[in-house]
Amino acid sequence: MKDTFKIVIAEMKKQHRHNFHSYSIYFSLLLWPIIIFFNTYYTYLSFDLTKAPVFSGLINSKQSLLIFLITGFIGYNFFYSMVQSAWQMGAERQNGTLETIILSPANWLAVVYGRSLGALFQNVWMFSTFSILIIISSRSLEVNFFTQIPIAFFIFTLSATVWGGLMNVIFLFSRDAAILNNVLDDPMEFFSGVRVPTETFPVWAKMISVIFPLTHSLTIVRGILLKTNIAWMEAAIKLSISLVLLFILTIVLLKLVEKNIRDNGNITFY
Amino acid sequence: MFNIAKATFKRNKIIAKRAFPWTLIIGRIIAGFFAILFPYFVYTFFLKGSISESFNQYTNQSDYITYITIGAIFFILGRSTMMEVGRALFRELKEGTLESVLLTPSSRIGYHIGCLIEQLGRSFIQFLTMAFFGISFGANLFLIISMQSIVVIILTVLGFFSMALILSSIMLFTRDAYITQNTLFAVMSFVTGVSFPVEFLPKWLQYFSHLFPMTASLELFRSIVIAKQSISIHLDLVLEILLLSGGYLLVAMICLKILEKKLVENLFG
Amino acid sequence: MLIATNLSKKFVYKESKGLFKKKLIVKNAVNDVSLKIESGKIVGLIGVNGAGKTTTIKMLASLIKPTTGEILIDNLDIIKEHKKAKRIINLISGGERNIYWRLTAQENLEYFGALYGIPKDVLNQKIETILEMVGLTESKDIPVERYSKGMKQRLQIARGLINDPKYIFLDEPTLGLDINIAKELRSYIRKLADDENKGILLTTHYISEVEELCDYIYIISNGYIVAEGTPDELKEELSTKTQVVLTVEVLTEQAEVELKDILECKAEVTIEGENIHTIKVISKENFTAEIIRCLSSHNVSILNMKLMEPDLEEIVLNVLRRSE
Ligand SMILES: Nc1ncnc2c1ncn2[C@@H]1O[C@H](COP(=O)(O)OP(=O)(O)OP(=O)(O)O)[C@@H](O)[C@H]1O
Ligand SMILES: [Mg+2]
């Protein structure tokens, strides 16, 4: 257990040292999300928002739209930075460092979650700062805001880490995982309700959205920040179930990967 | 110039045949699909057709789904054209074949035209899929092909082409493709009126948006196809596209010349 | 002692033939290989490209699982207990991969050390000693991307020593290094075996390296061990020829006849020149003594004599040629 913890820390430290100098994350995890956020906000201005409360309790003013969207984007930012960390798994494969990791007796699960956590702390603070500024400037500031924000962060961190673990394992599995990323990224963003409240979805879309833990994390966080009487207990249960399922899937896949690599040895075989 | 275009066309065709960029195309189509799906969901399921006054005012009561479908199609096509043409020289740099291209006294414009023509087929596939998505969401695209709209499409392609050359110079200068292109596309999709009227933006961003030929192209195309106006009452927009494209082509040619000299010095110096 | 018995590795993989057609391919990379590594000894594994050296090493390092066979390290079954085994072995590959280029030497070692669960203060102490040993103390805070090839290779060695392994596997450690650095490296390797009593397995393409370093040699071809022994044993058993070249003055006809007589059917004799003759004798056994006795009994003065020892490279090439 102590070793596991040590590995998680070491992995996070490595990530930090490794990516500290790369400025590309300032674009992919700060500038682009900000542009896309405003793009989305303005897209909503084509609509008559005074009618919104009838359809979704979440949005009843420009302010609440802003908070709705910014929580959506910040949640997505958390999850997307996981995909980025998984991407780097590809580089580790190619550089042979993955083989060096496997050479050691380190617990793979610890490595995988260390990677997710590392990427989180490394990447999301920028956009999160931006988001908090937006939320504060939208003047819905209240006293318990300062207790709500940490809770929201905890929920995002937990669910994104679990998600990131799975992503990392998938990228361990296949060097063609980039395709998967292509196929998974946009649907997740859309169906999790980053930009459109999921409760207004038609049934088929709701069924898809249940799969993504981001959906439930967002429901809870928005419930807290926007103070609606959303059934957040229900969302919390759904989130826990989906996280547990993802965790189990991660472990199963990891066992398979481990066996696959030990049998075929094609970790650096290109 | 024509010969160079033909040769480049032929070579790219062969490369594309050997390794068809499936993942790229599928990725673009998925992105395009969701670019329409988002406003569609808001319109149909969330706000149930309640369009704001300002949208109606700025767009002359346009049909919303048609409006955003056209925006999405333009954006996806613009992005793929600019990427494929704009990245051509950069790719040669990365793959180490740039030297041989630079050594020939061939015309750069010809080279890029070859790239442009070669990818038209793939653009057309994307266009059809996007139009299919749009129509199945209820967009009214049946009037899309007319003499006038074809003229606008040609003008638009010219605009994309000139931007692609600018992109090409920037990439060669910064030696980076990923950040440059994605930043440009994010900005472009935000300011040029892809999914909402440019008039919603703050004034300074509106002025900025007219740096992109696509802003004028989109406005022109929508007026013709949705509002069924004649191109003759929008000659100012035509002029804007021509001036911008011409300007960019000129600037890009000069930049490429200068960069080329530098690159040659670096490669052989 | 590390004892591997009857190791085999069969790779099964798909090769795409066209868009949808896939063919299953079975590749027997290693067949029935048995070998031993004693503590304090350096064992060489040589063979041509694709012979199965790396595959063998990866099995020993627990990176891949043998299809059949057994590996015991001091009676620990390392195929079953590979996590335990990984603590007492390490693998060092040649080339510049396997380390993080954007990190410094210190940071690399801190990371890899943590993967072995080494406590922080012990680790720091160890890093200091190891860096000292491979001579990277001064550049330990520079990112690896600014290192030369030789420095990177030394860092690889340092990395391989981080868990204080009892057995070290070196896969072409001198690949691409200049002669000075390669020489330096060989002296490290020797020291590891002699001073630290580590068991070392080494693959390489340079025969001279094997000759200089190895206490015992395995020659592998197409996945099979085709010959083994100490360098001297191999020379003795496998040499196909000894060559003696003498330069003599006034070789009388009598002497020539008698010499040919003695060596008849046993060796190949060629004699060239006038006044000063060159005699070349190629034989399987060494007849130097007989030749000298014969010549001196006829008062032929020997000006110069060269005995060509069997050459290890020649032997290896021969063995490999025969095993084709
Ligand atoms: N993961 C793998 N999957 C399929 N075949 C493999 C794999 N790894 C190695 N092989 C094959 O097994 C054979 C032995 O390869 P190996 O890498 O062990 O050779 P080697 O002796 O180390 O060669 P070299 O001197 O080139 O390093 C080769 O034919 C190789 O193609
Ligand atoms: Mg090898």
Side-chain angles (χ1 to χ4, degrees), chain A residues 22-28 30-56 58-59 62 65 68 176-191 193-206 209, chain B residues 22-56 58-59 62 64 67-68 71 75 176 178-202 205:
Chain A
S22 98
Y23 57 97
S24 80
I25 53 166
Y26 296 104
F27 287 87
S28 67
L30 181 67
L31 183 64
W32 302 341
I34 289 178
I35 296 176
I36 296 169
F37 161 74
F38 279 113
N39 197 346
T40 310
Y41 178 73
Y42 280 105
T43 305
Y44 262 104
L45 295 190
S46 298
F47 295 94
D48 186 0
L49 287 172
T50 54
K51 301 219 177 92
V54 187
F55 309 116
S56 164
L58 279 175
I59 299 168
K62 274 194 188 174
L65 173 67
F68 172 84
D176 302 324
I179 300 170
L180 190 78
N181 169 43
N182 241 339
V183 176
L184 214 62
D185 186 42
D186 281 324
M188 177 178 83
E189 194 251 25
F190 184 79
F191 288 107
V194 168
R195 301 191 272 180
V196 188
T198 43
E199 71 264 20
T200 65
F201 277 10
V203 179
W204 63 267
K206 271 186 185 156
S209 73
Chain B
W22 280 115
T23 51
L24 213 67
I25 302 250
I26 289 173
R28 281 181 199 153
I29 287 177
I30 290 175
F33 175 73
F34 282 99
I36 305 181
L37 195 68
F38 159 58
Y40 171 76
F41 258 56
V42 178
Y43 180 76
T44 317
F45 298 118
F46 178 19
L47 294 164
K48 308 240 187 318
S50 34
I51 288 298
S52 70
E53 270 308 303
S54 47
F55 180 84
N56 282 332
Y58 292 134
T59 65
S62 288
Y64 184 71
Y67 183 90
I68 53 122
F75 176 62
D176 154 88
Y178 177 69
I179 293 175
T180 311
Q181 75 191 24
N182 285 313
T183 306
L184 183 72
F185 297 147
V187 172
M188 193 170 92
S189 104
F190 178 38
V191 301
T192 59
V194 169
S195 49
F196 57 86
V198 177
E199 286 84 350
F200 285 180
L201 292 169
L205 268 180

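All figures in this text were calculated on a predicted structure; none of them were measured in a lab. In what follows, every heavy atom counts, from backbone to side chain, and hydrogens, waters and symmetry copies are set aside.
Annotation: side chain of A:Phe27 is not in contact with side chain of B:Asn182 (no heavy-atom distance under 4.5 Å). For the pair A:Thr200 and B:Val42, the minimum side-chain heavy-atom distance is 4.5 Å or more.
In this structure, the separation between CZ on B:Phe46 and CZ on A:Arg195 is 14.0 Å, given to the nearest 0.5 Å. Put simply, CG on B:Leu205 and CZ on A:Phe38 are 9.5 Å apart, with the number rounded to the nearest 0.5 Å. Here the straight-line distance linking atom CZ of A:Phe191 with atom CZ of B:Phe41 works out to 5.5 Å at 0.5 Å rounding. In this structure, CZ on B:Phe33 lies 8.0 Å from CZ on A:Phe190, to the nearest 0.5 angstrom. From B:Thr183, atom OG1 reaches atom CD1 of A:Ile35 across 6.5 Å, with rounding to the nearest 0.5 Å.
Proximity to chain B involves both the backbone and the side chain of A:Leu45, based on heavy atoms less than 4.5 angstrom apart. Both the backbone and the side chain of B:Leu201 come within less than 4.5 Å of a heavy atom in chain A. Using a 4.5 Å cut-off between heavy atoms, B:Tyr58 does not touch chain A at all. Residue B:Tyr67 does not touch chain A at all, counting heavy-atom pairs closer than 4.5 Å.
Taking the centre of each ring, A:Phe201 and B:Phe45 stay at or above the 6.0 Å mark. With ring centers used as reference points, B:Phe200 lies 6.0 Å or more from A:Tyr42.
Under the rule for a salt bridge (Lys or Arg N to Asp or Glu O under 4.0 Å), B:Asp176 has no partner lying at least two apart in sequence or in another chain.
Classification of the B:Tyr43-A:Phe47 ring pair by plane angle, with boundaries at 30° and 60°, yields tilted.
For the set B:Phe38, B:Phe185, B:Phe55, the count of heavy-atom pairs under 4.5 angstrom toward chain A peaks at B:Phe38. Chosen from A:Asp48, A:Thr40, A:Leu49, the residue pairing most often with chain B at heavy-atom distances under 4.5 Å is A:Asp48.
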Just distance, no hydrogens or angles: give the donor-acceptor pairs under 3.5 Å from side chains in residues 186-195 of chain B, sequence neighbours left out.
unit_1, atom_1, unit_2, atom_2, d
B:Ser189, OG, A:Asn39, ND2, 2.9
B:Thr192, OG1, B:Met188, O, 2.7
B:Ser195, OG, A:Thr43, OG1, 3.3

